[in-house]
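The structure under discussion appears below in the form of structure tokens.
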Amino acid sequence: MKMIKICAQALNRWILTQKSTVKASDSRRNGMVATLLILSFGVATAFGLTPGTSLSPIPVSAVIEDITRDNLTPTETPGIYTQQDLVRSGDTLASLLFRMGVDDRAALDFMRTNAIAKTIYQQMSPGKPIRVQKRANGDLISLRFPQSDSHTLVVERLGEQFQAASVAVGSLRRVVQTSGTIESSLFAAADAAGLPDNVTHQLSKLFSTDIDFHNDLRAGDTFSVVYEAAQDDFDQVKPGKILAAEFVNKGIPVRRVYFDGPEGGDYYTADGVGSRTAFLRSPIEFSRVSSGFMTMRLHPILNTMRAHQGIDLAAPTGTPVVSVANATVTFVGWRNGYGNVIELHHAMGIDTVYGHLSRIATGLHAGNHIRQGDLIGYVGMTGLATGPHLHYEFKIAGIQRDPQGPEVPRIASTNLTGRAKAQFMSATAPYITSLNAIRGLALAKFE
Ligand SMILES: [Zn+2]
């Protein structure tokens, strides 16, 4: 049990390092979070993470016991204590080490005189981490301090001597699992679950073909995420890409898994159906529909009855607008009423139109081939517009349709088959196991 307690502290610490704005009084946090660090896969530098590393499907209870911090200090010998702290303003090396329980005159003398070690005196700025190993009597065993993004200063005791070296930064690949429940918004829930912003963005993008995060979210919706991260020598964790995720919206679970397939890495449904060529629900990440698709409406400026052959998405000026699918750019420029407008041509005889833009993305021209999710421009109110919004049209065979209607193809049938399917199933099985495990844990916790 003691082991598990240490793990929980490590976990909390890990979560704290994820969010710079964590409120210490967020008592909901513990109740909301079911986070596990599972397994690490040896050393990889930064994000050159080994692709296709397999995750053994380990039962959750065992996984929890695996969460120890000593991957970095595998020789945790009795009588030696590891401690980490941050440099504070006004710290001298002596005061910092003293605060960490190191009382070692010989070590300080060495660091003052050794050419490599003494660099720490110029580099001690507030907020930098420092990690020491020490004996109970205060003797320094080792010290690690970041010199740059790529190098760490390591000072080690050898008997009664010390040595110093500047070593390349190593990082451990971690796979992190988190789940959360929506109470008000995706971002609030993600915050409560300790999910890094970068991962939250990936999550909303991943499910944007299935869920309109403004209109479809319900209190009680849940998400589970498995993502990779790189943990450096000081336990600072940089999140990487999502490996698998589940979103349960209005009781219906949707899953996506990452697979490095024949055409490169991409996301698939759990059955191996690719979703890349589907059309995003919205070309803006967060917005609200201020005017829907209507055959007739009173035009707000012209004051006459006209059809509204698209939808208006209200969003602040400057909000990024992305392509809803892979496309060829067919028009970029000014058109009466539309202001700055972009037209894109997609597969299946589909065209999309983006109007009232304040700006066009740099370098975007007719004839460009772009991918789903690429930035094309920014929300504005050029042309006939009463306020900043995106006028968005969706045309099938030249005829405007409701972009949120049932005619819009959500998922194209890019099924994996044969050998690729078999590889997919075996590569993603551990992620599915993880999702099932998190879900079980979340249910046990919240029900
Ligand atoms: Zn409009």
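Owing to the predicted nature of the structure, the values given are computational and were not obtained by experimental measurement.
To the nearest 0.5 Å, the span separating CZ on Phe279 from OG on Ser323 amounts to 8.5 Å. How far CG of Leu195 is from NE2 of His201: 10.5 Å, rounded to the nearest 0.5 Å. Summarising the geometry, atom CZ belonging to Arg256 is positioned 15.5 Å from atom CG belonging to Leu243; distances are rounded to the nearest 0.5 Å. Note: Gln122 CD to Gln147 CD = 10.5 Å, rounded to the nearest 0.5 Å. Annotation: the span from Ser185 atom OG to Leu217 atom CG amounts to 8.0 Å, rounded to 0.5 Å. With rounding to the nearest 0.5 angstrom, the CG atom of Leu344 is 12.0 Å from the NE2 atom of His369.
Crowding of Asp149 atom CG: a count of heavy atoms from other residues, nucleotides or ligands under 6.0 Å not exceeding 12. Other residues, nucleotides and ligands contribute only 12 or fewer heavy atoms inside 6.0 Å of the CD atom of Gln161. Other residues, nucleotides and ligands place no more than 12 heavy atoms under 6.0 Å from the NZ atom of Lys205.
A donor-acceptor pair under 3.5 Å links the side-chain atoms of Asn368 to the main chain of His365, judged by distance alone. With hydrogens and angles disregarded, no donor-acceptor distance shorter than 3.5 Å links the side chain of Thr152 to the backbone of Arg144. Between the side chain of Asn215 and the main chain of Asp212, no donor-acceptor pair closer than 3.5 Å is present. Side-chain atoms of Thr428 come within 3.5 Å of backbone atoms of Phe424 as a donor-acceptor pair (strictly under, hydrogens ignored). In this structure, Arg157 contributes its side chain and Leu140 its backbone to a donor-acceptor pair below 3.5 Å. Looking only at distances, a side-chain donor or acceptor of Asn340 sits under 3.5 Å from a matching main-chain atom of Leu357. Side-chain atoms of Thr330 come within 3.5 Å of backbone atoms of Glu343 as a donor-acceptor pair (strictly under, hydrogens ignored). Using a distance-only test at 3.5 Å, with no hydrogens or angles considered, a donor-acceptor pair links the side chain of Asn137 to the main chain of Asp139. Counting only distance, with no hydrogens or angles, the side chain of Thr200 and the backbone of Pro196 share a donor-acceptor pair below 3.5 Å. Between the side chain of Glu246 and the backbone N or O of Arg255 there is no donor-acceptor pair closer than 3.5 Å.
Side-chain atoms of Val322 and Asp374, non-hydrogen and from C-beta on, never get closer than 4.5 Å to each other. Looking only at side-chain heavy atoms (C-beta outward), Val225 and Phe223 come within less than 4.5 Å of each other. Side-chain contact between Ile141 and Glu156 is absent, with no heavy-atom pair separated by less than 4.5 Å. No side-chain heavy atom of Leu435 sits under 4.5 Å from any side-chain heavy atom of Gln177. Looking at Phe247 and Thr222, their side chains never come closer than 4.5 Å, going by heavy atoms from C-beta outward. Side chains of His356 and Leu390 form no contact here, defined as non-hydrogen atoms less than 4.5 Å apart. The shortest distance between side-chain heavy atoms of Gln202 and Tyr227 does not fall below 4.5 Å. In this structure, the side chains of Gln372 and Leu280 come closer than 4.5 Å at one or more pairs of heavy atoms.
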### Criterion side-chain contact (heavy atoms from CB on, under 4.5 Å) on Leu93 and Ile120, from CA distance to verdict
CA-CA 8 Å; Leu93 185 58; Ile120 193 171; 3.9 Å; yes

### Task
Just do the side-chain contact (heavy atoms from CB on, under 4.5 Å) check on Phe162 and Met111 with the steps written out, would you?
CA-CA 9 Å; Phe162 289 92; Met111 305 224 311; over 6 Å; no

#### Entry: Residue pair Val273, Tyr268: steps toward the side-chain contact (heavy atoms from CB on, under 4.5 Å) verdict
CA-CA 5 Å; Val273 178; Tyr268 293 83; 5.8 Å; no

### Message
Pair His345, Ile350 - check side-chain contact (heavy atoms from CB on, under 4.5 Å), show working.
### Response
CA-CA 6 Å; His345 182 70; Ile350 290 168; over 6 Å; no

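The pair Lys134-Asp103 does not meet the salt-bridge criterion, since no charged nitrogen lies less than 4.0 angstrom from a carboxylate oxygen. Under a 4.0 Å N-O distance rule, the pair Asp109/Arg112 qualifies as a salt bridge. Classification of Arg99 and Asp85 as a salt-bridged pair holds, one side-chain N sitting under 4.0 Å from a carboxylate O.
Scanning both residues, Leu153 and Ala117, for their nearest heavy atoms gives CD2-O, 3.8 Å. Of all heavy-atom pairs spanning Leu97 and Ile130, the tightest one is CD2-CD1, 4.4 Å. The two residues Ala94 and Leu108 have their closest heavy-atom pair at CB-CD1, 3.9 Å. Tyr378 and Pro320 make their closest contact through CD2-CA, 4.0 Å (heavy atoms, listed as atom of the first residue, atom of the second, distance). Heavy atoms only, all atoms of each residue included: Pro388 and Val379 are closest at C-CG1, 4.1 Å. Between Pro283 and Tyr354, the shortest heavy-atom contact is CB-CE2, 3.6 Å.
A donor-acceptor contact under 3.5 angstrom links the side chains of Ser142 and Gln133, judged on distance only. Inspection of the Asn249 and Asp221 side chains reveals an N or O donor paired with an N or O acceptor under 3.5 Å.
Of the listed residues (Val132, Val102, Asp104), just one forms a side chain to side chain contact (heavy atoms under 4.5 Å, CB included) with Leu143, and that residue is Val132. Results of the side chain to side chain contact (heavy atoms under 4.5 Å, CB included) test with Val199 over Val176, Thr178, Ile242 single out Ile242 as the only residue that passes. A side-chain hydrogen bond (donor to acceptor under 3.5 Å, both in side chains) with Glu228 is found for exactly one of Lys241, Lys238, Arg174, namely Lys241.
Aromatic rings of Phe187 and Phe213 (six-membered ring for Trp) have centroids beyond the 6.0 Å cut-off, not under it.
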